[in-house]
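Written out below as structure tokens is the structure these notes cover.
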Amino acid sequence: MSTLALKGGTPVRSESFKAWPTYDENEKKQLLEVLESHNWGGYPYPNTKALELARNFAAAHDAEYGVTCANGTVSLEIALKAAGIEAGQEVIVPTYTWLATAGCAVEVNAVPIFADVRPDNYTLDPDQVEALITDRTFAVIPVHLGSSIADLDRLTEICRKHGLVLIEDCAHMHGGKWRGKGVGSWGDFGSFSFQSSKLMTAGEGGMITTSNKEYFQRASSVTNCGRKEWGYDDFEGEEFGGNYRMTDFQCGVLLAQLEKLGDLTTLRASHAGLLSDLLDEIDGITPIRPDERVTSSAHYQYIFQYNPEGFKGLHRDRFLEAMAAEGVEIDGDFYEPIQARPIFSPSIKRYPLLKERYPQGIVAESAETPVAHKAAYEEACWLHYPALMGTEADVRSVAEAIRKIQDNVDELL
């Protein structure tokens, strides 16, 4: 038995996992092309690289159209606006996700309704969605979380039945496929993020996918200050928009990254499968495996569930502290229930249409979401995807560190 690193022993890992983001000559080539073109915008929209990226990215995800935009937060707001949401209508969202999934509803003067998630993979629970639908419900926004894709069969059926708009939050799932068809093409819209931690990144940026021509045109207009330009100018009326455009420098980098996406997705999936097989052998650790209908999982973060009974009652957070000391950084509260986070505090004075549903504002008591609470504070362990992008030895070191802690857990008790 070896001494835990937290108690002065030698850590399992002394080197960092593979650095992210990565780049090669293709990113450099794309950036230089934009630089030398003297055509860097932005405006006119969509610009040269933006148009190419939108078409290629949409095709890679089996959607008809793509709309580049500033980030994966405004992409959700743009989708709601393009779909025609009205003030005071409701949007059902999972509570176990990043703030933007609910914040987009607030920002368009709508009302987020918080649903709990499934205990097996932490994606939006379709049963809860059905229970929360009212005559004010306009849209449902499931999140494809970590390595898991929400149940698109059930959710598309529910939305069709009730005439609701379905917006897939695909911020974690570039390259993911459900029953052979790309995420972002099942709903009315898909929303992708290119923020610095994502599987494709230009530092920031976003993408909206859709196969509805009018939605595409309206989303393009909202992104471009409400302008109606050639290619998105034959819908009726006008859209009130803003400047949500992305530069061609960003689009160039993302074009290079899109070319590598397939190979990197395959690599992560292979290493995730190996890690799941290793963790299956450890008491108290349950890997979250993709649904059998997932034909390509992107593995933005690898999530496993921690049971303290396998570690003599040791709390998850102490376990994660010990893992960090062994050289394997894993998050526990990567996400917390949105309504319980102080950072999510939209003021009723600024957003008065929230008051009827949330008289005291949105607070922890605004929704009962026990599964999300257990995941955030007791059970879920989020391993960052660079651990899956190196060698098999890197993957095995994760399991080795867990076993070491389990074998020496008395040192922590």
Side-chain angles (χ1 to χ4, degrees), residues 17-24 26-27 30-31 49-50 53-54 56-58 60-61 63 66-79 94 96-101 103-104 122-123 141-150 167-177 182-184 189-209 244 246-247 249-269 271-272 290 296-303 329 331 334-335 382-390:
F17 290 108
K18 188 175 180 67
W20 182 259
T22 61
Y23 65 90
D24 57 29
N26 287 329
E27 279 87 353
Q30 288 281 354
L31 287 170
K49 298 289 186 183
L53 175 64
N56 292 357
F57 189 88
H61 292 82
V67 179
T68 60
C69 59
N71 54 60
T73 295
V74 297
S75 56
L76 292 166
E77 298 171 26
I78 293 165
Y96 192 56
T97 177
W98 178 240
L99 310 178
T101 310
C104 65
Y122 306 141
T123 64
I141 307 181
V143 176
H144 305 315
L145 195 81
S147 299
S148 297
I149 296 176
I167 302 173
E168 299 174 63
D169 187 334
C170 308
H172 293 187
M173 201 51 60
H174 310 68
K177 291 184 181 292
V183 297
F189 298 91
S191 168
F192 294 82
S193 169
F194 302 126
Q195 179 260 355
S196 56
S197 74
K198 297 304 190 295
L199 299 175
M200 285 177 57
T201 181
E204 285 290 357
M207 180 74 73
I208 302 155
T209 55
Y244 304 122
M246 188 160 50
T247 72
F249 286 112
Q250 293 167 285
C251 293
V253 169
L254 291 166
L255 279 166
Q257 300 231 322
L258 182 60
E259 291 181 6
K260 294 178 279 193
L261 180 62
D263 289 341
L264 293 178
T265 300
T266 299
L267 175 66
R268 286 191 296 269
H271 284 169
S296 176
S297 185
H299 297 287
Y300 166 64
Q301 303 283 32
Y302 179 98
I303 307 174
E329 292 278 353
D331 277 333
F334 185 84
Y335 286 147
W382 293 67
L383 176 69
H384 308 304
Y385 64 87
L388 304 176
M389 295 181 66

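Values below: every heavy atom of this structure, side chains too, minus hydrogens, waters and symmetry copies. For clarity, every value in this text was computed on a predicted model and none was experimentally measured.
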CE-SG distance between Met207 and Cys170, expressed to the nearest 0.5 angstrom: 12.0 Å
Glu329 CD: over 12 foreign heavy atoms closer than 6.0 Å: no
For His172 against Leu199, the heavy-atom pair lying closest together: O-CD1, 3.6 Å
Nearest heavy atoms of Ser147 and Pro290, plus distance in Å: O-CG, 4.0 Å
Residue pair Ile149 / Thr123: nearest heavy atoms and the distance that separates them: C-CG2, 4.2 Å
Thr209 (side chain) donor-acceptor with Gly184 (main chain) under 3.5 angstrom: yes
Distance, nearest 0.5 Å, that separates CG of Asp169 from CZ of Phe189: 14.0 Å
Inter-residue atom distance Thr73.OG1 - Glu204.CD, 0.5 Å rounding: 8.0 Å
Over all atoms of both residues, closest heavy-atom pair of Ile141 and Cys104: CD1-SG, 3.6 Å
Point-to-point distance, once rounded to the nearest 0.5 Å, from NE2 of His271 to CG of Leu267: 5.0 Å
Ring geometry between His174 and Phe194 (parallel below 30°, tilted from 30 to 60°, perpendicular above 60°): tilted
Near-ring test Tyr300/His144, centroid separation under 6.0 angstrom: no
Close side-chain approach of Val67 to Tyr244, heavy-atom, < 4.5 Å: no
Under 3.5 Å: donor-acceptor pair, side chain of Ser75, backbone of Ser191: no
Side-chain donor/acceptor of Gln301 to backbone N/O of Tyr385, under 3.5 Å: yes
Aromatic ring proximity, centroids under 6.0 angstrom, Phe57 and Phe192: yes
Sub-4.5 Å side-chain heavy-atom contact between Leu145 and Tyr335: yes
Gln257 (side chain) donor-acceptor with Thr201 (main chain) under 3.5 angstrom: yes
Check: Gly203 main-chain N/O paired with Gln250 side-chain donor or acceptor under 3.5 Å: no
Distance in Å, Leu388 CG paired with Thr265 OG1, rounded so as to fall on 0.5 Å steps: 11.5 Å
Nearest atoms (heavy-atom pairs only) where Asn26 meets Glu259: ND2-OE1, 4.0 Å
From Thr101 atom OG1 to Ile167 atom CD1, the distance as rounded to the nearest 0.5 Å: 10.5 Å
Donor-acceptor under 3.5 Å (Ser296 side chain, Gly175 main chain): yes
Test item: Lys260 and Glu27 side chains (from C-beta on) under 4.5 Å apart, heavy atoms: yes
Nearest non-hydrogen partners of Ala256 and Gln30, listed with the distance: CB-CG, 4.2 Å
